[in-house]
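What you are looking at is a predicted structure, and each value in this text was computed from that prediction instead of being measured. Atoms considered below: every heavy atom in the structure, side chains included; atoms not considered: hydrogens, waters and symmetry mates.
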Amino acid sequence: MDGLAAPPAARVSPHQARLPSLTGMRFVAALLVFATHGIFVNLLGDQAVKDGYRAVAINMGSVGVSFFFILSGFILTFVAPPGDTLKRFWRRRFFKIYPNHVLMFGVVALLAGLPALWLWLPNLLLLHGWWPNYQLMTSVNAVSWTLSCELFFYFSFPFLLTWINRIRPENLGRWFWGTAAVGLAIPFLSRFVIPTGPQPIEGTDIGLYELWFSTHFPPTRALEFLIGMLCARRLLLGLAPRIGLATSTGILVACYVVSLWLPPVFTQVAMWIVPLALLTTALARADVEDTFTPLRSRPLVFLGDTTYAFYLTHGMVLGTITYGLQQFVGPGSVGLGVIVLAVCLVLALGLAALLYVCWERPIMRRFSRSRTEVRPKLHPVIGRCLLLVVCLLAALAGSPDARAAVANAEGKVVDPVPLLEFRTAGQAGWFWTLSQAEGNAAESQYGMARQHTRLGFLRRQAFPGSQPLYRLRVADRSAYLLTASASERQSLLDSGRFTEGGVLGHLAASKQAGTELLYRMSNGAEWRVVPAAKQAEFAGRGYRTDGPLGYVWPAFHRTGAVYFGTFDAKGNQSMMAGTQRVYGRANDWWGGLRDFAGAGVPRNAWHWPQEDFTDREPAIGFYDDAQPETLRKQITQAAGAGLRYFSFYWYWNPADGGAENYIEGLSAFLKASNRTDIDFNVLPCLHPWKDGPVSLALPAEQITKAANLIVDTYMTQPNYLRANDGRPILSVCDARGIGRGTVDGMHVADTRRFTDAVRARARERLGEEVLITVNGGVPAGTGFEGSDCLGQFDNSRSYQRYADNQRAFFRNFPGTLLRCATSDFDERPRIAISIPDPGPDPEQLRQRFRWYPDADLPGFERLLAAVRTDIAESTRPSTVDNFVSLYAWNEWHEGGYVEPNKRDGCAYLDAVRRQLGLTTGAGCVANPV
């Protein structure tokens, strides 16, 4: 066949009739697709609103795609030029679909990385709709599966057109209804003849093979393309039924309402093939007869021209913006969700217009004709636009890849991190990862379901006595297997039944302190990763043990302590002034504590002479925390006990343009010879009050300066504390002093300016995101992603009751929570120095001072046990779910300290090590040399 067969004489001239209404309708169809994909913008907050939106919009995308397929067949038939050749036709179609596809393939690959070769290569070649594999069908740019169908349509069109042109006019109606009948039969074939297969999309009543056959399989979708061709042929011959635009639209709306109550398999080809064919014909007839329709306006026609670019870009825009915002605003709200959808729509339309004007249209004009044909010259503006696109892509290629940056950040966490488990789409198998970013992608891109299992903790890096744990993927389905055997790994790869999944992490080859065996078990259909404590349970469920994988930490509590760095000459000046006034000692930052303990000065316990306060003297003596030697000893004490970090209170002084304040202890830490033995972070205490004459607030005009200083000075340090996902942690102990905040609460907008400024600087300096938490609940719109907690004083004045209620306290803060444990609370040594003496009356003393009369070491151990249990039973995000912050290392004036003291030595640190199972360090040394 050298050319396309010429049709018999037509009653409508396709070369004189333009079809602007159909072009405008393309934009409406694209909006329908956008509306359905907008369901996955998980920022609407209210679950009832989410469910309502999903119920209404779930089938809109099916309508849009079906229209595109019908329209494709209709237009190609309607405008088919006589004497056209196969070579010319296929050349035009190639340059219509491939340049945009390849460009977006590259952009998505730059932003999100490429999956395995067997996934991306068929996608690039537009062959990924031919195999019933959900990962393959939705690989790279997920919406491109429709192009796999279009490619098949374009290949078939010359042959189908030759056949249709030979159909006797009086038989075209029969062929139309026969094709429609086959389309109506598709869901029944899919449901009752085609094997169901695993469920690829959780929560839907459709199996993998049903989904593939009814939705993605090119020959199935070719029925819509064919019926579009038949409609065009009937219109050209004047044989199409005269069903008006209002009637055909009404039929479509009625079918849509009915579809909302039907299983998904019935809402693809079958539901729309007839009503959309009637609507397409009605719109085309209106254009041929020059009858007004609301779709013929120039803006709509231009938007219709850009719909191919819009279709390919909208998913990327929705996914990128939604995922980015979820890191900061969590579940969002109805208002935010609507705004995000609107912003995504505008951005996608703008990007599509740019792509159409600067890429798609110029390429079509330049390359869709052979060199022997006359072609228009590119306008200089178009040339500049193309240059702009090239520069944009070059910038994307040169910028740090987002996933690489995340991987780099995660790699900076050297402590063990939790092994995350997911059920793969369609419950085909199980997937495991140490990467929070990979886990998020598993959920959002591949439809996997996160499990709240406790498998243990592994390290991302090799360590002495470790061995790698390999992950392999089953070649023909979404299932995975783990092995620590290099020879088994190679044997499985050589078999061709598995593909490489890389090194998952590292575990101990032999038992180390605090570790237990992790096993692989199977039941003939799937593999599971099973802790030793669960081995018998799985055996009872029919699983056999394949063998041990190695030793992991069943729990790893990343435990630290709050550091109060003001025990130096530049510390709390009002406290020192009070000490001089009451005790006559100048420049003594240990006032009250020396006196209650009777250490080097006459004992003066004021109204409590019978109590023992000798624990108020540190084991290393009353120190100056401005000296690096002091911090060296404290690091030795803390790291030896198994603590992993200090959290330094951080203050701001707005005087003279603003600068950080009370930082001598933090500065000494950074100068200590053993500083890398423990991590650290800062806790901005931006109070809305003064310390004597010194303000502790952060004025609005100094927000950027403070944010930049925190990032530049501290987050750039190699041992700055990071969450399990690699993000630096900034825990704000008080935000009420930011900008226009008051003692009654923080100012939302000014606080958001601060959190935004920190994140912007971190992206600029580190190329990373930051986890920012706040002490207490998270007010909406402030930019905090979770809660933390510090010292706690129970109004009952009972430490035992505080310990009993700690888990209930944690439940006040849903989502991300950095847990805390208070060792004690007692501010009586401040008497007369900063809290006036009310006299000996017991009731007056109780009203004036906060302290726990019943605090003791057993109560502290019971508190720690409750924290440990709360972590073990948690279903919170794993970002900081194994963190425990102790109040405090050295809040001596408030009685909160685990730092070794002269009376108890290491008792409190030993309790922490015992109850939380800390395994790093050789044990606490009360007074290191």
Side-chain angles (χ1 to χ4, degrees), residues 21-22 24-41 44 46-71 74 146 176-177 179-192 201 203-206 210-211 214-216 220-221 223-224 227-228 231 241-286 293-295 300 307 311 314 334 337-338 341 345:
S21 296
L22 284 179
M25 184 62 196
R26 288 177 59 190
F27 176 63
V28 176
L31 285 183
L32 294 176
V33 175
F34 180 89
T36 292
H37 291 161
I39 292 171
F40 302 104
V41 177
L44 288 170
D46 191 308
Q47 189 60 47
V49 175
K50 292 180 187 176
D51 293 342
Y53 176 34
R54 180 184 180 88
V56 172
I58 187 65
N59 292 332
M60 290 183 179
S62 300
V63 177
V65 169
S66 191
F67 174 77
F68 286 135
F69 288 164
I70 292 173
L71 181 68
F74 187 98
T146 61
F176 173 89
W177 289 110
T179 303
V182 176
L184 291 170
I186 291 297
F188 296 96
L189 291 172
S190 302
R191 178 55 57 97
F192 302 113
I201 306 175
T204 61
D205 179 28
I206 189 167
E210 287 181 281
L211 176 68
S214 65
T215 306
H216 294 81
T220 300
R221 303 312 296 257
L223 292 169
E224 293 152 296
I227 211 163
C231 287
R242 299 194 66 86
I243 298 177
L245 183 58
T247 302
S248 57
T249 302
I251 294 172
L252 177 62
V253 171
C255 289
Y256 188 83
V257 172
V258 172
S259 77
L260 299 178
W261 281 269
L262 294 177
V265 72
F266 288 88
T267 61
Q268 302 300 320
V269 179
M271 207 67 202
W272 322 119
I273 193 166
V274 172
L276 283 176
L278 297 178
L279 178 62
T280 302
T281 303
L283 287 170
R285 175 183 282 109
T293 73
L295 300 172
L300 277 180
T307 51
Y311 178 78
H314 80 279
V334 174
V338 172
L341 277 173
L345 177 60

Only one of Thr36, Leu31, Ile39 clears side-chain contact (heavy atoms from CB on, under 4.5 Å) with Met60; which?
Thr36
So how far is it from [X] [atom1] to [Y] [atom2], rounded to the nearest 0.5 Å?
| X | Y | atom1 | atom2 | result |
| --- | --- | --- | --- | --- |
| Leu295 | Ser21 | CG | OG | 5.5 Å |
| Ser259 | Leu252 | OG | CG | 9.5 Å |
| Leu278 | Thr249 | CG | OG1 | 10.5 Å |
| Leu22 | Leu279 | CG | CG | 8.0 Å |
| Ile273 | Thr179 | CD1 | OG1 | 7.0 Å |
| Leu276 | Thr280 | CG | OG1 | 6.0 Å |

Return the orientation label for the His314 and His37 ring planes: parallel under 30°, perpendicular over 60°, tilted otherwise.
parallel
List the atom of [X], the atom of [Y], and the distance in Å for their closest heavy-atom pair.
| X | Y | answer |
| --- | --- | --- |
| Trp272 | Ser62 | NE1-CB, 3.7 Å |
| Tyr311 | Val33 | CE1-CG1, 3.9 Å |
| Arg191 | Pro263 | NH2-CB, 4.1 Å |
| Ile227 | Ala277 | CG2-CB, 4.4 Å |
| Ala35 | Tyr53 | O-OH, 2.6 Å |
| Pro187 | Gly183 | CD-O, 3.6 Å |

Start with the C-alpha gap between Leu283 and Phe74, add the side-chain angles, then the distance that decides, and say whether side-chain contact (heavy atoms from CB on, under 4.5 Å) holds.
CA-CA 12 Å; Leu283 287 170; Phe74 187 98; over 6 Å; no
Which residue pairs pass the salt bridge (charged side-chain N to carboxylate O under 4.0 Å, His left out) test when at least one of the two sits in residues 251-280, sequence neighbours left out?
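Passing the test, one end in residues 251-280: no pairs.
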Partners meeting side-chain contact (heavy atoms from CB on, under 4.5 Å) with Val182 (sequence neighbours left out):
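So Val182 forms a side-chain contact (heavy atoms from CB on, under 4.5 Å) with Leu223.
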Please confirm whether the backbone N or O of Pro264 pairs with a side-chain atom of Thr267, one donor and one acceptor, at under 3.5 Å?
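Confirmed, Thr267 side chain pairs with Pro264 backbone.
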Kindly say whether Gly244 contributes a backbone atom to a donor-acceptor pair with the side chain of Arg285 at under 3.5 angstrom?
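No, because the side chain of Arg285 does not come within donor-acceptor range (under 3.5 Å) of the backbone of Gly244.
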Given the rule in the side-chain contact (heavy atoms from CB on, under 4.5 Å) test, do Val65 and Glu224 qualify, once you have shown the distances and angles that lead to the verdict?
CA-CA 10 Å; Val65 169; Glu224 293 152 296; over 6 Å; no
Min side-chain heavy-atom separation Tyr256-Leu260 under 4.5 Å:
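In contact.
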Under 4.5 Å between any side-chain heavy atoms of Thr146 and Arg221, yes or no?
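SC-SC contact between Thr146 and Arg221 ruled out.
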